[in-house]
Student: 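Please see the structure below; I have some questions.
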Amino acid sequence: MTRLLGYVDPSEPCFVAAVLAIVFNPLFWNVVARWEQRTRKLSRALGSPHVACYALGGVILALNALRSHWFTQAMRNQPRMDSLDTPTAYQAGLVLLGAGSVLVLSSFSALGFTGTFLGDYFGILKEARVTTFPFNILDNPMYWGSTANYLGWAVMHASPAGLLLTGVVAIVYTAATLYEEPFTAEIYRQKASQSRKSH
């Protein structure tokens, strides 16, 4: 860690922007989703829960693209690490990027758009929690796939700054899951309870 820090200027503007984006994005979508779940104001304003969920999903995608932009710029503006700047490391980065992409895309396929972008907060629920691949091998595969993508991207760029930013991504996603998981579990527990009562 000390060696990595020797390569990184944490005050560099793009690095700061990347950290802010990494922290802000999950905070934003959790605050908005919880607000919607309590008030339904977004659904009412846009005419339906589905339209509101798609609108929030669009904003999240745009924010994530901006986060990736700052992440990449931060790597480009800071030194490379010679010991990572090898064909073997580059190939390892490609493997991580491939594995992360499989987790992200298969998660999206299993959940659909509304399942991916917080539809449960809008009252858009599946019949039951998804347990097919990749959810049968890993909790929160979308988050960990995204983390693997950033790690692979950082390794491919031999970037200490990228590795540190990936650490921030992992910490923030871990905090997000601690906040989101109990809520999602409770939603589906209530749904299952109501379903049993109606039969």
Side-chain angles (χ1 to χ4, degrees), residues 1-32 56-111 116-118 133-181:
M1 179 63 75
T2 304
R3 188 179 175 197
L4 284 181
L5 290 172
Y7 284 85
V8 179
D9 175 7
S11 65
E12 193 276 321
C14 290
F15 187 90
V16 172
V19 170
L20 291 175
I22 290 166
V23 173
F24 174 78
N25 288 10
L27 179 64
F28 167 80
W29 70 60
N30 273 292
V31 168
V32 172
L56 178 60
V59 173
I60 291 171
L61 286 171
L63 287 172
N64 287 348
L66 193 61
R67 175 183 63 188
S68 295
H69 165 76
W70 289 121
F71 188 102
T72 302
Q73 290 302 120
M75 290 195 298
R76 288 176 175 167
N77 290 353
Q78 305 234 17
R80 295 168 71 93
M81 180 182 279
D82 290 342
S83 58
L84 274 180
D85 201 0
T86 67
T88 300
Y90 187 87
Q91 290 163 5
L94 277 176
V95 170
L96 285 165
L97 197 59
S101 296
V102 167
L103 288 174
V104 169
L105 294 174
S106 59
S107 297
F108 184 85
S109 177
L111 293 171
T116 299
F117 293 104
L118 304 163
F133 180 83
F135 294 89
N136 59 346
I137 62 166
L138 188 67
D139 288 333
N140 306 295
M142 181 76 74
Y143 282 167
W144 301 123
S146 176
T147 303
N149 284 342
Y150 282 117
L151 179 58
W153 197 231
V155 171
M156 289 169 68
H157 283 77
S159 173
L163 294 175
L164 286 176
L165 289 172
T166 301
V168 178
V169 170
I171 291 167
V172 169
Y173 276 162
T174 298
T177 61
L178 293 174
Y179 185 74
E180 294 167 5
E181 276 292 306

Student: Please evaluate residues Leu138 and Phe133 with respect to the criterion side-chain contact (heavy atoms from CB on, under 4.5 Å), reporting the C-alpha separation (whole Å), side-chain torsions for both, the decisive distance (0.1 Å), and the verdict.
Tutor: CA-CA 9 Å; Leu138 188 67; Phe133 180 83; over 6 Å; no
Student: Apply side-chain contact (heavy atoms from CB on, under 4.5 Å) to residues Leu164 and Tyr7 and explain how you reach the verdict.
Tutor: CA-CA 10 Å; Leu164 286 176; Tyr7 284 85; over 6 Å; no
Student: Could you tell me whether a side-chain N or O of His157 sits under 3.5 Å from a main-chain N or O of Trp153, the two making a donor and an acceptor?
Tutor: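 It does hold such a pair.
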Student: Is Gln78 reaching over with its side chain to a backbone N or O of Asp9, donor-acceptor style, under 3.5 angstrom?
Tutor: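 Judged by distance alone, yes, a pair lies under 3.5 Å.
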Student: Just so I know, are the side chains of Asn25 and Ile60 near enough to count as touching, which here means a heavy-atom distance under 4.5 Å?
Tutor: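 SC-SC contact between Asn25 and Ile60 ruled out.
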Student: For Thr147, which of Leu96, Thr166, Asn140, Thr174 qualifies under side-chain contact (heavy atoms from CB on, under 4.5 Å)?
Tutor: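 Exactly one pass, corresponding to Thr166.
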Student: Got Leu111 and Phe135 here, is their nearest side-chain heavy-atom distance under 4.5 Å?
Tutor: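 Leu111 vs Phe135: side chains touch.
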Student: Under the rule for ring pair (Phe, Tyr, Trp, His ring centres under 6.0 Å), what residues qualify as partners of Tyr173, not counting sequence neighbours?
Tutor: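 If we apply the ring pair (Phe, Tyr, Trp, His ring centres under 6.0 Å) test to Tyr173, skipping adjacent residues, the hits are Tyr143.
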Student: Does atom CZ (Phe108) have a neighbourhood of more than 12 heavy atoms from anything else shown, all under 6.0 Å?
Tutor: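 Yes, enclosed.
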Student: Given side-chain contact (heavy atoms from CB on, under 4.5 Å), test Leu94 with Val155 step by step and report yes or no.
Tutor: CA-CA 9 Å; Leu94 277 176; Val155 171; over 6 Å; no
Student: Could you tell me whether a side-chain N or O of Ser107 sits under 3.5 Å from a main-chain N or O of Leu103, the two making a donor and an acceptor?
Tutor: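 Yes, the answer is positive, given that a donor and an acceptor are paired below the 3.5 Å cut-off.
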Student: Mind checking what makes salt bridge (Lys or Arg N to Asp or Glu O under 4.0 Å) contact with Glu181, not counting sequence neighbours?
Tutor: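 Only Arg129 meet the salt bridge (Lys or Arg N to Asp or Glu O under 4.0 Å) criterion with Glu181.
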Student: Holding to salt bridge (Lys or Arg N to Asp or Glu O under 4.0 Å), I want the full list of residues that pass it with Arg80, two or more places apart in sequence or in another chain.
Tutor: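 Arg80 satisfies salt bridge (Lys or Arg N to Asp or Glu O under 4.0 Å) with Asp85 only.
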Student: Can Val59 and Val32 be said to form a side-chain contact (heavy atoms from CB on, under 4.5 Å), step by step?
Tutor: CA-CA 11 Å; Val59 173; Val32 172; over 6 Å; no
Student: Nearest 0.5 Å please: distance from the CH2 atom of Trp144 over to the CG atom of Leu151.
Tutor: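 Answer rounded to 0.5 Å: 12.0 Å.
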Student: Tell me whether Asn149 contacts the main-chain N or O of Ser101 through its side chain, where contact means a donor paired with an acceptor under 3.5 Å.
Tutor: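 Here the side-chain-to-backbone pair exists.
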Student: What's the spacing between Met156 CE and Leu97 CG if we round to 0.5 Å?
Tutor: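 These two atoms lie 6.0 Å from each other.
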Student: Looking at side-chain heavy atoms only, is the closest gap between Asn64 and Trp29 below 4.5 Å?
Tutor: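 SC-SC contact between Asn64 and Trp29 confirmed.
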